[in-house]
Number of protein chains: 2
Amino acid sequence: MGKEINSIPDIIISRLPVYYQYLKRLQDSTKEYISSEELAELTGFSSSLIRKDLSYFGTFGRKSYGYDVFCLFQQLSIIMGFNYKKKIIIIGAGHLGQALAYNKGYRERGYQLISIFDKNPKLIGLVINDIEIRSINNLEEFMENNKINVAALTVPGGAAQKITDRLVAAGIKAIWDFTEVPLQVPDDVLLEEQLINEGLCKLSVKMNQIRINNSESAEDLNCEQK
Amino acid sequence: MGKEINSIPDIIISRLPVYYQYLKRLQDSTKEYISSEELAELTGFSSSLIRKDLSYFGTFGRKSYGYDVFCLFQQLSIIMGFNYKKKIIIIGAGHLGQALAYNKGYRERGYQLISIFDKNPKLIGLVINDIEIRSINNLEEFMENNKINVAALTVPGGAAQKITDRLVAAGIKAIWDFTEVPLQVPDDVLLEEQLINEGLCKLSVKMNQIRINNSESAEDLNCEQK
DNA sequence: GTGATATTGTTAAAAAAATAACATACTCTA
DNA sequence: TAGAGTATGTTATTTTTTTAACAATATCAC
């Protein structure tokens with residue numbers, strides 16, 4: 001279905017935002033070129049891996065100089081498709097939805113936030129960061145009149161699947177999901193699950209490991225339950 | 001430094017929150033046992049991988065039955081250290097910081113949110129979800145009187161490193177970082193970077209790929225820049 | 001109780017990813 | 001312009017991760 005050919009390995013995709021982040025910050029500096037070795041120091045990835053990742057997309061470097069900081073940043077933007085304009089809406093104007101309305105990351109990535117929807121009448125009509133909150137009742141009509149590329153989903157878990165079905169029926173092709181609820185979507189709809197509490201989980205596991213290693217009693221973990 | 005021995009591979013750690021999420025939802029159902037095959041269907045990981053992941057921590061299954069839904073959930077909680085109590089504070093009471101104050105994910109993971117700090121006098125004293133916003137001036141004093149395990153960092157990029165240094169000096173050992181700014185921390189401080197816009201990046205890359213595949217002109221991507 | 005069935009935990013094989021190594025090409029100095 | 005130095009892009013090797021296979025064990029129907 002078109003997804004198979006030319007698909008960048010997920011593991012590479014996952015490193016692109018990191019490269020992007022560091023190169024973005026270097027734009028302000030006077031540094032003109034950066035070597036894979038220096039980039040390795042910044043990102044924590046090996047220089048070899050960085051060269052390999054980049055070579056997946058083309059040849060961007062200059063022998064004995066390194067990579068042009070500006071050009072590489074541009075190239076990364078292109079690789080990630082930031083030069084294409086995308087329209088995004090937020091569904092759910094709760095605390096998280098509102099925080100997302102103030103997020104400054106859209107523009108540089110080619111996104112334009114154009115609306116927020118909620119079902120709470122008290123919120124409808126309110127203006128958040130220049131964006132008016134609309135009634136969820138008008139979702140389908142709005143989507144018919146505006147080509148929406150991505151919907152950020154910040155509704156309560158109970159409403160998540162129902163809203164998702166409506167979005168899919170209205171033709172959405174990508175969902176940025178903050179609900180922490182397993183959602184069903186058709187194969188041709190991209191679903192990016194943003195497990196907001198994943199960081200808490202990882203920190204907890206790691207703190208736990210440190211505790212175990214310090215107390216040198218790793219057997220506690222393998223306690224049989226029966 | 002204690003970190004080396006007994007360290008769970010990151011790749012396994014990254015799947016634990018997913019297992020946890022699905023098993024949590026199964027707690028409400030009448031399902032008593034679940035097979036690795038069924039879990040595979042839910043999570044998208046292969047059944048073989050799931051069995052292997054779990055066997056890393058012990059033997060939790062029952063031959064020809066599968067895994068006890070309740071027990072496995074409990075075990076996962078223990079593996080991730082959720083049975084240990086951890087205190088967390090939020091630094092930065094902006095939109096994102098406030099949204100995090102309303103996050104419902106702390107308790108089940110063993111975290112207790114005990115304070116929010118900000119430097120804005122207009123916010124200090126305000127109560128968000130039963131938590132009073134304190135002055136950042138009182139950070140050190142507060143940390144001396146309360147053993148804090150994790151600090152969630154939602155301050156503007158410009159202030160990030162300075163605040164981090166203060167947290168580290170005050171003895172913090174884990175930071176949940178939302179700033180999207182590269183932070184320097186000592187080796188013994190856990191830094192979990194929560195790149196909030198990573199999802200937007202990944203969706204953009206994937207939508208871009210689909211476009212390229214559909215138009216069958218993959219060469220566009222490899223345009224030389226010189 | 002016996003045999004058919006199911007599902008684990010684990011071992012073996014395959015695939016994917018990361019690292020190391022290096023030939024190539026460019027720069028700079030003298 | 002020759003030679004030393006540098007850093008890429010790519011190939012070879014190693015390591016890690018995933019998948020496949022299967023022996024072991026428990027269940028259940030009869």
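For clarity, every value in this text was computed on a predicted model and none was experimentally measured. Lettering of chains follows the sequences in order, A, B, ..., and the numbering in each one begins at 1.
Considering all non-hydrogen atoms of both residues, B:Lys147 and B:Asn149 come closest at NZ-ND2, 3.7 Å.
Here A:Ser36 does not reach the OP1 or OP2 of D:dA7: none of its side-chain N or O atoms lies under 4.0 Å away. Side-chain nitrogen and oxygen atoms of B:Tyr67 include none within less than 4.0 Å of the OP1 or OP2 phosphate oxygen of C:dT7. Taking side-chain N and O atoms only, B:Arg15 has a distance below 4.0 Å to OP1 or OP2 of D:dT18. Residue A:Arg62 places at least one side-chain N or O under 4.0 Å from the OP1 or OP2 atom of C:dT27. The phosphate of C:dT7 has neither OP1 nor OP2 within less than 4.0 Å of any side-chain N or O from B:Tyr33. Taking 4.0 angstrom as the limit, A:Ser46 places none of its side-chain polar atoms (N or O) nearer than this to OP1 or OP2 of C:dA18.
Listed by chain and residue number, nothing satisfies the ring pair (Phe, Tyr, Trp, His ring centres under 6.0 Å) test with B:Tyr106 (two or more places apart in sequence, or in another chain).
With a 6.0 Å cutoff to the six-membered ring centre and a 45° limit on the axis angle, B:Arg211 counts as a cation-pi contact of A:Tyr84.
Set against D:dT27, D:dT10, C:dG9, the side chain of A:Ser55 has D:dT10 as its closest nucleotide. Checking C:dC28, D:dA7, D:dT17 against the side-chain heavy atoms of B:Pro9 singles out D:dT17 as nearest. Taking every side-chain heavy atom of A:Lys63 into account, D:dA7 is the closest of D:dT27, D:dA7, C:dA17. For B:Arg51, the side-chain atoms get nearest to D:dC22 when compared with the rest of D:dC22, C:dC22, D:dT27. Distance from the side chain of B:Leu49 is smallest to D:dT19 among D:dT10, D:dT27, D:dT19.
Annotation: B:Lys162, atom NZ; neighbour count of heavy atoms from other residues, nucleotides and ligands within 6.0 Å does not exceed 12. The number of heavy-atom neighbours closer than 6.0 Å to NZ of B:Lys104, taken from other residues, nucleotides and ligands shown, is 12 or below.
Nearest-nucleotide positions on DNA chain C place B:Glu37 closer to the 5' end than the other of B:Glu37 and A:Tyr65.
Using a 4.0 Å cut-off between charged nitrogen and carboxylate oxygen, A:Asp188 and A:Lys173 count as a salt-bridge pair.
In this structure, the helix from C:dG1-D:dC30 to C:dA30-D:dT1 shows an angle of 20° between the axis at its start and the axis at its end, each fitted on 5 base pairs and rounded to 10°.
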Exercise for review: Apply the test side chain to side chain donor-acceptor pair (under 3.5 Å) to residues A:Tyr67 and A:Glu38: give CA-CA distance (whole Å), side-chain angles for both, the deciding distance (0.1 Å), then the verdict.
Suggested key: CA-CA 10 Å; A:Tyr67 300 91; A:Glu38 289 170 300; over 6 Å; no
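To the nearest angstrom, P of D:dT17 lies 10 Å from OH of B:Tyr56.
At a cut-off of 3.5 angstrom, the base of C:dA20 holds at least one donor-acceptor pair with the side chain of A:Ser48.
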